[in-house]
Each structure stands twice: as structure tokens, then as C-alpha cells.
There are 2 protein chains.
Amino acid sequence: MSVRALRYYEEQVLLQVDRNSGGQRHYPDTAVGRVRLIQQLYAAGLPSRTVREALPCVDSGHVSPELLDRLEAERVRVDQRITDLLTVRDRLHDVIAVARNPGPGCTHAR
Amino acid sequence: MSVRALRYYEEQVLLQVDRNSGGQRHYPDTAVGRVRLIQQLYAAGLPSRTVREALPCVDSGHVSPELLDRLEAERVRVDQRITDLLTVRDRLHDVIAVARNPGPGCTHAR
DNA sequence: TTGGCAGCTGACATCGGCGTCAGGTTTTAG
DNA sequence: CTAAAACCTGACGCCGATGTCAGCTGCCAA
């Protein structure tokens, strides 16, 4: 994690941060898991707006039905993405296998 | 597919395109699969540089050992990404389930 | 007290994968 | 043959998550 990213999350109201009297940040220890979650959601490609809306709900445990639908839609997209990635992985696997094993005279550079 | 994207791929030398005497593009029919492949690789999050280097190798069937290592590394990253996405999907699933059904025990799967 | 590291703020820079607009050329319909 | 339609090139715009730089300020050690 970069400091910049933490500041950014805070700025986006994704992460709550305490300050001491001098204005310096003090991260509650829950922040670690929180940041991990944020990164996961970003990595999953959820629109940042959805992330912004979803996180407070994760906190409060209350989800509006509208958001619920959006989350469901996101889940479907994530599923699709997973299967796409599986395809790509297999493809990479094939390319690598063929390249590794082009027959007898393979000069192993490593 | 947008026209712009095709032009972009061509510009990046990912896609080979013929021209007629007047300079207008003429796509060989292999272009369809090609474009699909490109999009898959992009979607998989491979660095565009790697995509640029990998595609000619897919054509020629020849892969330098160096690139091979990079591909292998990418495959690992894709795998990692898949497991991350699975985690997120489960998480979404839980949130949705709980929101739908706030009665029984909350299966807080981390 | 003071030096200096560390943290803060704000703003501008970057990068990738396109969208989009402008201004010119080729193709095509009538 | 001509006008419209379709294509071409080049360039600038955009968005999101950070990097980065500058100019202050707070905090701790000596």
C-alpha cells in the first residue's frame, strides 16, 4: 500500500480515519481489513460508485433493495469475468506448454 | 467493437490490416478471432506490452525463453486474480443473502 | 530551544483504452 | 457526373487510481 492510496480512500469516504490534535492521521486497526476489502472490490472491477455505496452498507448491515439489485448484477459480472479468466488461463497454459515442448531440440535457457 | 478500437489495435501493431488502392481498410476474416483474443488478453489484465510481444509469437509459434518466463508469471497472476475474484464473489453472495434474508444466523464468511 | 524527520495539504502529471470532433478523400447511389 | 455517404488521419479529451512535487507544520530527540 502506498500512502497516497490510503489518502485517496479517505478522500473518497471509503475509509474512516481519526486525527490527533495536530491533525495527523491515526488508523484504527480495523483499517487493515477495510483496505483489503476496498482493494478486492476495486480489483473485481466494481464501479467505484458501487463501492462507495456498498461500503457503508457493509458497515450498517442495511442494504437498499435498489443497491441489492446492483450488487446482484455485479456478482453476475464477476462470475462472467471469472470464466473469462479461466479461458485465458487455459490459453496461456497451452501457449506455454507448446513453447516449452516444441519437440526434441529445445535449448533450455534456464 | 468500436471502429476506434480496431484502429487502435492496428496502431499498436496487434492487428494486421490490408488496404485497398484508395487507402481504405480491408480486414481479413481471421481478424475476428484475432480481435477476440486481444480483448481477452486485455480483459485478463496482461500488461499491454506483454500483449504486444506475445501476439507475434502466437503467430509465429516461436517464443523466446525470456518472454516465456513473463507469460508464466502472467499465468500465475491470472490464477491469483481468479482466486481473488472467487473470494469477492463469495463475499457478494453473502452480503446479498444476508440482505435478502435478515433472519437466521449471519454466515459471515470473513 | 532547535534541528530535522515525518506527516499534511493541494495541485498537477501520468497512463491506457478508447470517444469524439474536425477537415479532407474515396466510394457509391442516382 | 455529382452529391451524399462512408472512410481516413490527426489530435485532443476523458476517467480513475496513483505518483509526485512543493511548501507547511507537528513531533520527538538532544
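Each chain gets a letter, A, B and so on, in the order its sequence line appears, and its residues count up from 1.
With no hydrogens or angles considered, no side-chain donor-acceptor pair links A:E10 and A:Y27 at under 3.5 Å.
Checked against salt bridge (Lys or Arg N to Asp or Glu O under 4.0 Å), A:R77 has the following partners two or more places apart in sequence or in another chain: A:E74. Evaluation of the salt bridge (Lys or Arg N to Asp or Glu O under 4.0 Å) rule for B:R89 yields A:D79 as partners, not counting sequence neighbours. Remark: A:D84 pairs with no residue by the salt bridge (Lys or Arg N to Asp or Glu O under 4.0 Å) rule, at least two apart or across chains.
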Polar pairs (N or O, both sides) under 3.5 Å between protein and nucleotides 1-6 of chain D?
none

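Annotation: of the two residues near DNA chain D, A:G23 and A:S2, the 5′-most nearest-nucleotide partner is A:S2.
Between A:R34 and A:L55, the shortest heavy-atom distance links the atoms NH2-CB, 3.8 Å. When every heavy atom of A:A43 is checked against every heavy atom of B:R81, the shortest pair comes out as O-NH2, 3.5 Å. The two atoms that bring A:M1 and A:A5 nearest to each other are CE-CB, 3.4 Å, heavy atoms only. A pairwise comparison of heavy atoms in B:L68 and A:R100 identifies CD2-NE, 3.7 Å as the closest pair. Among all heavy-atom pairs drawn from B:V88 and A:A44, the shortest one is CG1-CB, 3.8 Å.
For B:R25 and D:dT9, the shortest distance from a side-chain N or O to OP1 or OP2 is below 4.0 Å.
Of the residues in residues 29-42 of chain A, not one comes within less than 4.0 Å of DNA chain C through any heavy atom. DNA chain D lies under 4.0 Å from at least one heavy atom of each of the following residues of residues 6-22 of chain B: B:R7, B:R19.
Side-chain contact between A:R91 and B:L41: absent, with no pair of heavy atoms (C-beta onward) separated by less than 4.5 Å.
Computed from coordinates, the B:H26 NE2 to C:dT26 C1' distance equals 16 Å when rounded to whole Å. A:R4 places its CZ atom 13 Å from the P atom of C:dC8, with the value rounded to the nearest Å.
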